[in-house]
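All residue numbers refer to positions in the sequence shown, counting from 1. Heavy-atom basis, side chains included; hydrogens, waters and symmetry copies ignored.
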Amino acid sequence: CPPNTTNNQTINESCETGPETKDWKCPMYCYGLDPNEYRSVGNVGSWEACGSICKDDPRCLYWTWSHHNNYEDPNMLRCYLFDYIENIGKSEGAIGGTKCCY
């Protein structure tokens, strides 16, 4: 996974959605959330698009964009939306973020 250098900005405090966001980077490369999503959307082409889907969904607080290192197959490009998180873990084919990261 690439080092977290592109768009490496700490979430602005005015965008906080919970106490966890102070330490989040935008986005968090190679991190995925616990598989407790309430919704997933297929054929999402980028982490920015996934973040925008979350931003426009009133229930969404966090998201994970999963590409499984396969950008050729649109079925592998999925956006998972979360209204809470239990665990954050390393995941080679995933990028995560908060509602304010898009």
Return the [atom1] to [atom2] distance between [X] and [Y], rounded to the nearest 0.5 Å.
{"X": "Ile53", "Y": "Ser40", "atom1": "CD1", "atom2": "OG", "result": "10.0 Å"}
{"X": "Asn43", "Y": "Leu77", "atom1": "CG", "atom2": "CG", "result": "6.5 Å"}
{"X": "Ser91", "Y": "Tyr31", "atom1": "OG", "atom2": "OH", "result": "11.0 Å"}
{"X": "Glu48", "Y": "Trp65", "atom1": "CD", "atom2": "CH2", "result": "8.0 Å"}
{"X": "Cys79", "Y": "Arg39", "atom1": "SG", "atom2": "CZ", "result": "8.0 Å"}
{"X": "Asp57", "Y": "Ser52", "atom1": "CG", "atom2": "OG", "result": "12.5 Å"}

Minimum heavy-atom separation for [X] to [Y], with atom names?
{"X": "Trp63", "Y": "Cys54", "value": "CD1-CB, 3.7 Å"}
{"X": "Cys30", "Y": "Glu92", "value": "SG-O, 4.4 Å"}
{"X": "Thr64", "Y": "Cys50", "value": "O-SG, 3.7 Å"}

Within 45° of the six-membered ring axis of Tyr38 and under 6.0 Å from that ring's centre, is NZ or CZ of Arg59 located there?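 Yes, Arg59 lies over the aromatic ring of Tyr38.
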
Under 3.5 Å, is there a donor-acceptor pair between the side chain of Lys99 and the main chain of Cys60?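 Yes; judged by distance alone, with no hydrogens or angles, the pair exists.
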
Going through the distances and angles, do Leu61 and Phe82 end up as a side chain to side chain contact (heavy atoms under 4.5 Å, CB included)? CA-CA 6 Å; Leu61 297 177; Phe82 303 85; over 6 Å; no

Taking it one step at a time, do Tyr102 and Asp56 satisfy side chain to side chain donor-acceptor pair (under 3.5 Å)? CA-CA 11 Å; Tyr102 53 92; Asp56 293 338; over 6 Å; no

Given side chains that start at C-beta, do those of Tyr80 and Ser66 come closer than 4.5 Å, heavy atoms only?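 Yes - at least one pair of side-chain heavy atoms lies under 4.5 Å apart.
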
